[in-house]
**Student:** 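Here you go, one structure.
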Amino acid sequence: MADNEKLSMIRHSMAHVMAQAVLELFPGTKIAIGPAIENGFYYDFDLPRPLTDADLETITAKMKEIIASGVPFERKEISRDEARKLFADQPYKLELIEAIPEGETISLYTQGSFTDLCRGPHVKSTKELHADAFKLLNIAGAYWRGSEKNPMLTRIYGTAWTNPKELRVYMDYLADIEKRDHRKLGKELDLFSLHEEAGPGLVYWHPRGARIRQAIEDFWRSEHYKNGYELVYTPHVGRSWLWETSGHLGFYKESMYPPMEMDKSDYYVKPMNCPFHIMIYKNTKHSYREFPFRWAELGTVYRYEKAGALHGLMRVRGFTQDDAHLFVTPDQMDDEIIEVLRFSMFMLHSFGFEDIHAYISTRPEHSVGDPEKWEAATAALKKAVEKEGLKYDIDEGGGAFYGPKIDLKVKDAIGREWQLSTVQFDFNLPERFDLTFVDKDGTEKRPYMIHRALLGSLERFFGVLIEHYAGAFPPWLSPDQIAIIPVGESAYEYSKNLEKRLKGEGFRVVTDLSADRMNAKIRNAQKMKTPYMLIIGEKEMAEDLVSVRYRGGKQVNGVKTSDFISEVHKTIDSKEQI
RNA sequence: GCCAAAGUAGCUCAGUGGUAGAGCAGCUCACUCGUAAUGAGCAGGUCGCGGGUUCAAUUCCCAUCUUUGGCUCCA
């Protein structure tokens, strides 16, 4: 049997053991479902009272008892009527029984005092479960059957493994995630903040965060020009006419900030950049000879995200998309998609993401646009992904109503997937805004429109970068690249001049002239994860040397300053990590 | 929006029905230092905001905002 099947059986069985423990401790509890999931399991309960973290300990202790008792998991098949009778006081189970198709077997699994409606499979006995290889992690709310129209149940999440060592490895992984948390690092490294009193979900980029953003934006802009894009700037608000035409007021009004009334018109803050780029397109009549158009903008948009959905930089209400819109003729489509994908891969690689996976989403049930166009566009997406040699999955029917798309997800340093790039066809807006171009034969035709974002939003991308690098950015992105640390006051003057010299090279440099001892200065620079620390004392001053302490702890003393400068240039230019 | 928990100094956190405390950071002074914290002193808080109970509320209750963990959502 494959290891993951075994693990999944252990986890599923653990869920049953937890349900037994909860029922014994909280009589009258109604039970819902309890599957194995990635790394663990959960079970949903309708409890007589809310749970506290202390209850998790009690439940854990009870589970250990059940595991120690070594009871078998016994399977039994019964009729639908028997099942109804058995679960007469378990309304959620009754609902599940009714949902089982006629003719399908209904099976039960029993261990000790607990019987659950369950397809299985399970381990043979609780002897196969390890009392020290599981941990209950948290209590959360979850809608019955995942619908917000249904009652909210209490879900207990746990993790389970075959042995304590595996559990420890997983717990270490969770601790690593906590250490990398961009919200925590954002504070510690003084990168950004959010202010509840000034409006939730709105990001303040501090000088050190802004330096990173500048580095990203500078690179982004110059690469866009190199890759045949034009950069545009568009307004932040637009009259309701724009949003009525685009259809946003019809479909997405709930997610837009409410209107501002002025001169008897309603103005809306933009939730997307596309209608503005379309206005530029519509400004003149276009010939096929001008195509393709590639217009990019770091466009700041505002969306009303539900209060409970906000999360640090990852889900915010105001964010800047690295947006671009391509207007192409049908015969340019294939090449343009290939080019966008290649560009996208280049950008992601530049930021240190190597493991990239593509997801293609195809036409959903309700869609606009000619099915043949959908076919052609989807084929173009597949062709591009294959040409790039990317691994990909297809989400049949998972596209937006207006067109198929490719999403790229990257794996970070600890294996978590983040969606960054997206390339989407749009068969809706060109119709709604009646976009045309004059083709070779003199007739007016409809251009293809493609939306794409390479980094997604700068806020979210920043969050992902922080977590990927755990705050230790490669020098080209580091807020401070070099920290100068004079050994004593006698080196202050020299250090200030060295700072000037290094800044002249274009480096981001800070000199620590505080009253702290040298050791404390090193500690502070280290805590800020500054890549290079230069220790300056008598020896260095006398011979134009620097003593380099690298972020990793390595020291190289007596380096010629000019050698250090060329080394840093090389590292920054190549975007290497140190 | 829903379920649950939390909100005390800039940060991390302790604490109590009789209007608050630590460490770090900050400021001042002294020390002038060779690879992860020099020492002493000072200052800093309407205990998220609004009601209620009480002689008295930061503490108990209600409402509200925000945050956290999830759920739902994410054009």
Side-chain angles (χ1 to χ4, degrees), chain A residues 42 44-47 49-55 137-157 181 183-184 187-188 190 193-201 243 246-256 271-275 301 303-312 314-317 319 321 399-403 405 419 422 424 426 428-429 451 456-457 460 483 485-492 514-528 533-540 547-551 553-557:
Chain A
Y42 69 77
D44 286 345
F45 303 102
D46 192 344
L47 287 149
R49 67 159 173 88
L51 290 181
T52 63
D53 286 339
D55 291 323
L137 296 174
N138 44 35
I139 304 162
Y143 295 110
W144 164 237
R145 309 194 103 185
S147 167
E148 61 184 329
K149 293 190 185 81
N150 288 335
M152 187 54 83
L153 304 173
T154 303
R155 175 172 296 178
I156 303 178
Y157 282 99
D181 191 319
R183 292 165 302 183
K184 187 170 168 285
K187 252 182 216 164
E188 287 171 7
D190 193 17
S193 56
L194 297 141
H195 301 271
E196 52 177 270
E197 68 276 30
W243 310 110
S246 71
H248 289 104
L249 277 181
F251 295 117
Y252 306 113
K253 195 170 184 197
E254 300 301 298
S255 304
M256 289 170 69
M272 302 197 95
N273 302 300
C274 352
V301 299
R303 298 179 186 180
Y304 177 78
E305 298 287 353
K306 285 184 187 172
L310 300 176
H311 177 90
M314 300 304 188
R315 192 83 180 269
V316 291
R317 285 189 175 154
F319 54 98
Q321 294 180 306
F401 74 91
Y402 52 81
K405 63 171 179 177
Q419 195 214 302
T422 182
Q424 310 192 356
D426 192 325
N428 184 42
L429 291 178
H451 309 260
S457 91
R460 189 181 138 83
I485 297 172
V487 171
E489 230 163 60
S490 60
Y492 279 20
S514 70
D516 284 329
R517 290 280 197 279
M518 185 200 63
N519 280 0
K521 292 180 182 182
I522 289 174
R523 183 167 189 268
N524 290 338
Q526 195 78 50
K527 272 170 64 187
M528 295 314 262
M533 283 156 262
L534 299 183
I535 315 296
I536 303 300
E538 296 299 332
K539 279 177 260 170
E540 290 76 13
S547 287
V548 189
R549 183 193 164 93
Y550 294 86
R551 181 165 56 194
K554 192 176 113 186
Q555 292 171 38
V556 186
N557 294 343

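So you know, we letter chains A, B, ... as the sequences are listed, proteins then strands, and number each from 1.
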**Student:** What string of B, S and - do you get for nucleotides 61-75 of chain B, 5' to 3', if B is base contact, S is sugar-phosphate-only contact and - is no contact with any protein heavy atom under 4.0 Å?
**Tutor:** -----SSSBBBBBBB

**Student:** Write down the atom of A:L310, the atom of A:P200, and the distance for their closest heavy-atom approach.
**Tutor:**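 Closest approach of A:L310 to A:P200: CD1-CB, 3.9 Å.
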
**Student:** Taking the same atom, C1', in B:rA57 and in B:rG17, what whole-Å distance lies between them?
**Tutor:**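 Rounded to whole Å, the distance is 7 Å.
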
**Student:** How far, in whole Å, is B:rA75 from B:rC13 if one measures between their P atoms?
**Tutor:**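 Result for the P pair: 34 Å, nearest Å.
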
**Student:** When you check the phosphate oxygens OP1 and OP2 of B:rU35, does a side-chain N or O of A:N519 lie under 4.0 Å from one of them?
**Tutor:**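 Indeed not, no polar side-chain atom of A:N519 lies that close.
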
**Student:** For B:rG10, does OP1 or OP2 lie under 4.0 Å from any side-chain N or O of A:K187?
**Tutor:**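 It does not, given that no N or O in the side chain of A:K187 lies less than 4.0 Å from OP1 or OP2 of B:rG10.
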
**Student:** What residues form a side chain to side chain contact (heavy atoms under 4.5 Å, CB included) with A:Y550, not counting sequence neighbours?
**Tutor:**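 In terms of side chain to side chain contact (heavy atoms under 4.5 Å, CB included), with neighbours along the sequence ignored, A:Y550 is linked to A:Y532, A:V548, A:K554, A:V556, A:E567, A:I578.
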
**Student:** Quick check: are there more than 12 heavy atoms from other residues, nucleotides or ligands sitting under 6.0 Å from NZ of A:K253?
**Tutor:**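 Atom NZ in A:K253 is not crowded, with 12 or fewer foreign heavy atoms closer than 6.0 Å.
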
**Student:** When the C1' atoms of B:rU19 and B:rG45 are compared, how many Å lie between them, rounded to an integer?
**Tutor:**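 Their C1' atoms lie roughly 12 Å apart.
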
**Student:** Could you measure between the two C1' atoms, the one in B:rC55 and the one in B:rU67, and give it in whole Å?
**Tutor:**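 Comparing C1' positions in B:rC55 and B:rU67 gives a spacing of 36 Å.
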
**Student:** Look at A:R549 and B:rA36 and indicate whether a side-chain polar atom (N or O) is within less than 4.0 Å of OP1 or OP2.
**Tutor:**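 Answer yes for this pair, as a side-chain N or O of A:R549 is under 4.0 Å from OP1 or OP2.
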
**Student:** Students often get this wrong, so: under 4.0 angstrom with heavy atoms, is A:K527 touching a base, only sugar-phosphate, or nothing?
**Tutor:**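 Result for A:K527 = nothing.
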
**Student:** At less than 3.5 Å, do the side-chain atoms of A:E540 and the base atoms of B:rG34 form a donor-acceptor pair?
**Tutor:**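 Yes, a donor-acceptor pair under 3.5 Å.
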
**Student:** Suppose you measure atom P in B:rG7 against the same atom in B:rC62; what distance do you get, rounded to whole Å?
**Tutor:**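 Per the computed distance, 16 Å lies between those P atoms.
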
**Student:** Suppose you measure atom C1' in B:rA9 against the same atom in B:rG21; what distance do you get, rounded to whole Å?
**Tutor:**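 Straight-line distance between the two C1' atoms is 10 Å.
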
**Student:** Need one value for A:E538: base, sugar-phosphate or nothing, where a base atom within 4.0 Å counts as base even if backbone is also close, heavy atoms only.
**Tutor:**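 Base contact - A:E538 has a heavy atom under 4.0 Å of at least one base atom.
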
**Student:** Determine the minimum heavy-atom distance between A:P486 and A:K521, stating which atoms define it.
**Tutor:**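 Looking at all heavy atoms of both residues, the shortest contact is O-NZ, 4.1 Å.
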
**Student:** Which of the following nucleotides, B:rA36, B:rG34, B:rU38, is nearest to the side chain of A:R523?
**Tutor:**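 Among the listed nucleotides, the one closest to the side chain of A:R523 is B:rA36.
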
**Student:** Look at the aromatic rings of A:F251 and A:F401 and report parallel, tilted or perpendicular, splitting at 30° and 60°.
**Tutor:**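 Correct class here is tilted.
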
**Student:** Can you name the closest pair of heavy atoms from A:K306 and A:R317 and give their distance?
**Tutor:**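 Shortest heavy-atom contact: C-NH2, 4.0 Å.
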
**Student:** With rounding to the closest Å, how many angstrom separate the P atoms on B:rU8 and B:rA14?
**Tutor:**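 Nearest-Å result for B:rU8 against B:rA14 at atom P: 10 Å.
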
**Student:** Does A:N524 reach a base, just sugar-phosphate, or nothing at all? Heavy atoms under 4.0 Å.
**Tutor:**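 Answer is nothing: A:N524 stays at 4.0 Å or more from every strand.
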
**Student:** For A:E197, does the CD atom sit with more than 12 other heavy atoms under 6.0 Å from it, leaving out its own atoms?
**Tutor:**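 Result for CD/A:E197: enclosed.
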
**Student:** Which value, in whole Å, describes the distance between the C1' atoms of nucleotides B:rU59 and B:rU16?
**Tutor:**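 Roughly 6 Å separates the two C1' atoms.
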
**Student:** Dot-bracket, RNA chain B: Watson-Crick or G-U, under 3.5 angstrom, [ ] crossing, | other strand?
**Tutor:** (((((((..((((....[..)))).(((((.......))))).....(.(((..]....))).))))))))....

**Student:** Check A:P275 against A:H248 and note the closest heavy-atom contact, atom names and distance.
**Tutor:**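 Shortest heavy-atom separation between A:P275 and A:H248 comes out as CG-CE1, 4.2 Å.
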
